[in-house]
Amino acid sequence: MALGTFLYKRLKGCGYAFKGAVTLLKTEASIQVQAFIAVVMTIAGFYFDITATEWIIQTITIGLIMSLEGMNTAAEAIADFIHPEFHEKIGHIKDIAAGAVFITAITAVIVGCIIYIPYIQALF
């Protein structure tokens with residue numbers, strides 16, 4: 001395979017991924033909430049002048065929760081497409097996917113507390 005063809009296909013794939021991310025942000029309330037929280041936490045990071053290590057951890061945590069939220073949305077869409085009416089097993093699958101997001105969100109809150117509580121305490 002020629003290098004040009006390989007690069008073209010990778011760039012085309014990135015275009016599809018970008019389109020998916022924009023669609024997700026435009027259409028899904030849950031990811032919009034996560035994006036808002038990500039912006040607030042980024043502003044907090046600049047305000048408190050967090051360390052490079054804290055930025056790395058915060059960035060990975062934000063990326064993880066938003067990525068998992070996208071996967072949850074995709075899993076729910078696939079489940080609804082395959083079985084549009086209520087089905088106990090589909091509900092179970094959707095609950096598990098949502099549970100994974102919940103666990104990651106709780107972890108993100110804990111990470112946020114570990115990073116920001118010392119900075120907040122230093123204000124008082």
Side-chain angles (χ1 to χ4, degrees):
M1 178 186 318
L3 180 61
T5 304
F6 174 80
L7 291 175
Y8 173 77
K9 287 182 178 182
R10 299 298 72 79
L11 287 173
K12 193 172 178 181
C14 286
Y16 292 135
F18 182 78
K19 179 182 173 186
V22 169
T23 300
L24 186 63
L25 284 166
K26 283 184 174 181
T27 61
E28 294 299 321
S30 56
I31 198 77
Q32 291 167 354
V33 169
Q34 296 296 345
F36 175 77
I37 292 168
V39 169
V40 169
M41 298 312 294
T42 300
I43 291 168
F46 285 114
Y47 178 80
F48 288 111
D49 194 26
I50 62 176
T51 67
T53 302
E54 291 166 336
W55 273 116
I56 291 166
I57 294 167
Q58 177 169 297
T59 302
I60 290 169
T61 303
I62 289 169
L64 181 62
I65 188 67
M66 292 187 72
S67 297
L68 196 55
E69 190 71 63
M71 294 303 294
N72 178 52
T73 300
E76 288 183 356
I78 290 168
D80 290 343
F81 178 77
I82 292 171
H83 211 293
E85 62 279 351
F86 177 79
H87 190 279
E88 188 176 322
K89 288 190 181 202
I90 294 293
H92 180 69
I93 291 166
K94 291 167 84 172
D95 288 347
I96 290 171
V101 175
F102 179 74
I103 291 167
T104 307
I106 295 299
T107 303
V109 169
I110 293 168
V111 167
C113 287
I114 291 169
I115 292 173
Y116 289 103
I117 286 175
Y119 289 104
I120 293 168
Q121 288 176 334
L123 292 176
F124 299 103

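Being a predicted model, the structure only gives us computed values, none of them experimental.
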About how many Å separate [atom2] of [Y] and [atom1] of [X], when rounded to the nearest 0.5 Å?
| X | Y | atom1 | atom2 | result |
| --- | --- | --- | --- | --- |
| F86 | K94 | CZ | NZ | 9.0 Å |
| K26 | I31 | NZ | CD1 | 15.0 Å |
| K12 | T5 | NZ | OG1 | 11.5 Å |
| L25 | Q34 | CG | CD | 11.0 Å |
| M71 | T104 | CE | OG1 | 12.0 Å |
| T73 | I78 | OG1 | CD1 | 11.0 Å |

Hydrophobic cluster membership, with links at side-chain heavy-atom distances under 4.5 Å among I/L/V/M/F/W/Y: are I114 and L123 in one? no
State plainly whether one hydrophobic cluster holds both F102 and I110, where clusters connect Ile, Leu, Val, Met, Phe, Trp and Tyr through side-chain heavy atoms under 4.5 angstrom apart.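 Yes, same cluster.
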Side chain to side chain contact (heavy atoms under 4.5 Å, CB included) partners for A108, two or more places apart: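 Side chain to side chain contact (heavy atoms under 4.5 Å, CB included) list for A108, sorted by chain: T61.
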Would you indicate whether the side-chain heavy atoms of I57 and E54 approach each other to under 4.5 Å?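 Contact flag for E54/I57 side chains = no.
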Side-chain heavy-atom pair Q58, Y116 within 4.5 angstrom cut-off: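 Heavy-atom side-chain distance check passes, below 4.5 Å.
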So which atom in [X] and which in [Y] form the shortest heavy-atom distance, rounded to 0.1 Å?
| X | Y | answer |
| --- | --- | --- |
| L68 | A100 | CD2-O, 3.3 Å |
| C113 | P118 | O-CD, 4.0 Å |
| I65 | A105 | CD1-N, 3.4 Å |
| W55 | T42 | CH2-O, 3.4 Å |
| D49 | Y119 | O-OH, 4.1 Å |

Could you list all the ring pair (Phe, Tyr, Trp, His ring centres under 6.0 Å) pairs where at least one residue sits in residues 9-29, not counting sequence neighbours?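 As it turns out, there is no ring pair (Phe, Tyr, Trp, His ring centres under 6.0 Å) pair with a partner in residues 9-29 once direct neighbours are skipped.
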Might you confirm whether atom NE2 of H87 has over 12 heavy atoms from other residues, nucleotides or ligands at distances under 6.0 Å?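 Yes, because the 6.0 Å sphere around NE2 of H87 holds more than 12 heavy atoms from other groups.
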